Every structure is written in structure tokens, then in C-alpha cells.
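Notes for the one structure printed next.
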Amino acid sequence: MGKYQVVVVGTDGSDTSFRAVDRAAKIAAESGAKLIVASAFTDSDHGRAGPDPDQYRNEKYRNEGNAPVYEMLRKAAARAREAGATEVEERAIEGAAVDALVQLAEDVDADLLVVGDVGNKSLVGRVVGAVPRTVSRRANTEVLVVETED
């Protein structure tokens, strides 16, 4: 068995986030690890600050198997299998991206949490803290931030 047993990767369905999925899949394949492909979504009821504009919304994404978040997860999982991962699980998780990914990694006792670097170089990301940087600070496991931008 390789270095990792459980790898979690976050994706929002964008081409750049799929690069993180590809990298996580290669790591999982090399380690013989289970790969959990995850995407966070927010319910339509949210606080005053509002949801992350890049996240799926509304409880129908949690309940309907054909909702966009599930189609995106199926696409990401298929891509992971093409990259060599053999045991791939899909998870749609309710909550803000950082909270949801960190909690999932803890719940499944992940050895590695993989996220893309989108937002790290933006002005908002530098001022408020991009998802990858915040995940790196809060996760209780190893975090790999994959360079996903050209």
C-alpha cells in the first residue's frame, strides 16, 4: 500500500478544478488509495454575507440525483478513473467550500486533501483569503494546492 489511503479532492466543475482532480487521481492511483471527489453547495437560505458566488445553491442539489452538482461530480469521477484512480466516490456536501472540505476530510480520516489554487492570486483572495489558503490553515491533514491556472 502506498503513502495515502484516502484522498479527498474538491471541485466546482470548472476546467481548472478538474486539473486538481487529475492530480489527486494520479496520487490515489500511485498509492492504491480511495479517492473522494467532493463539491460543496449552499442551501438557498443563507446568512447576510451571502453564499460563495461559485457554489451551487438550493436544497434540490442535495436531493435530486440529476441536479447539476451530481452531473459535475460524475464527470469529475469519470475523469479521475481515466487518470488511473480505481476506487472513486462522489460526495455533494452542503456548506461553504472551506468548511465542507475540511469537515469531510476529517470525517473520512483523509490522508491528503487536494484543492486547486484558483483565487490565490486574485485581489479578493489576497485580502479575504482564498479557499486554498484557508483550507491549508484549517485542515488537520496534509493539503496539496495544485497550480491550476495557465
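Quick caveat, the model's predicted, so the values are computed rather than measured.
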Please give me the minimum heavy-atom distance between [X] and [Y], naming the atom from each residue.
| X | Y | value |
| --- | --- | --- |
| Val21 | Ala80 | CG1-CB, 4.1 Å |
| Ala29 | Ala85 | CB-N, 3.9 Å |
| Ala97 | Ala40 | CA-CB, 3.7 Å |
| Ala20 | Gly116 | CB-N, 3.8 Å |
| Ala83 | Lys26 | O-CG, 4.1 Å |

query: Do Leu144 and Ile27 pass the side-chain contact (heavy atoms from CB on, under 4.5 Å) test, and can you show the C-alpha distance, the side-chain angles, and the key distance before you say yes or no?
result: CA-CA 11 Å; Leu144 172 64; Ile27 292 169; 3.5 Å; yes

message: Go through it in stages, so that I can follow the logic: the residues are Asp99 and Arg138, the test is side-chain contact (heavy atoms from CB on, under 4.5 Å), and I'd like the CA-CA distance, side-chain angles, deciding distance and then a yes or no.
response: CA-CA 9 Å; Asp99 297 333; Arg138 292 193 37 212; 2.7 Å; yes

Atom pair [atom1] ([X]) and [atom2] ([Y]), whose distance is rounded to the nearest 0.5 Å:
| X | Y | atom1 | atom2 | answer |
| --- | --- | --- | --- | --- |
| Glu147 | Arg19 | CD | CZ | 9.5 Å |
| Phe18 | Asp12 | CZ | CG | 8.5 Å |
| Gln5 | Glu87 | CD | CD | 11.0 Å |
| Leu73 | Glu89 | CG | CD | 11.0 Å |

Test your reading of the model: is there a side-chain donor-acceptor pair from [X] to the backbone of [Y], 3.5 Å cut-off?
| X | Y | value |
| --- | --- | --- |
| Thr141 | Asp111 | yes |
| Ser39 | Ala92 | no |
| Asp117 | Val145 | no |

task: Might you work through the salt bridge (charged side-chain N to carboxylate O under 4.0 Å, His left out) test for Glu82 and Arg79, ending with a clear yes or no?
output: CA-CA 5 Å; Glu82 288 175 13; Arg79 191 173 171 126; over 6 Å; no

- request: Kindly write out the residues that satisfy salt bridge (Lys or Arg N to Asp or Glu O under 4.0 Å) with Arg81, not counting sequence neighbours, or none if the list is empty.
  value: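 Not a single residue meets the salt bridge (Lys or Arg N to Asp or Glu O under 4.0 Å) criterion with Arg81.
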
Donor-acceptor pairs are to be reported for all side-chain atoms of residues 101-108 against protein atoms at under 3.5 Å, with residues two or more places apart or in another chain.
| residue | atom | partner | partner atom | Å |
| --- | --- | --- | --- | --- |
| Gln103 | NE2 | Asp107 | OD1 | 2.6 |
| Glu106 | OE1 | Asn140 | ND2 | 3.3 |

task: Report the C-alpha separation of Val146 and Val114 in whole Å, then their side-chain angles, then the decisive distance to 0.1 Å, and conclude whether the side-chain contact (heavy atoms from CB on, under 4.5 Å) test is met.
output: CA-CA 7 Å; Val146 176; Val114 181; 3.6 Å; yes

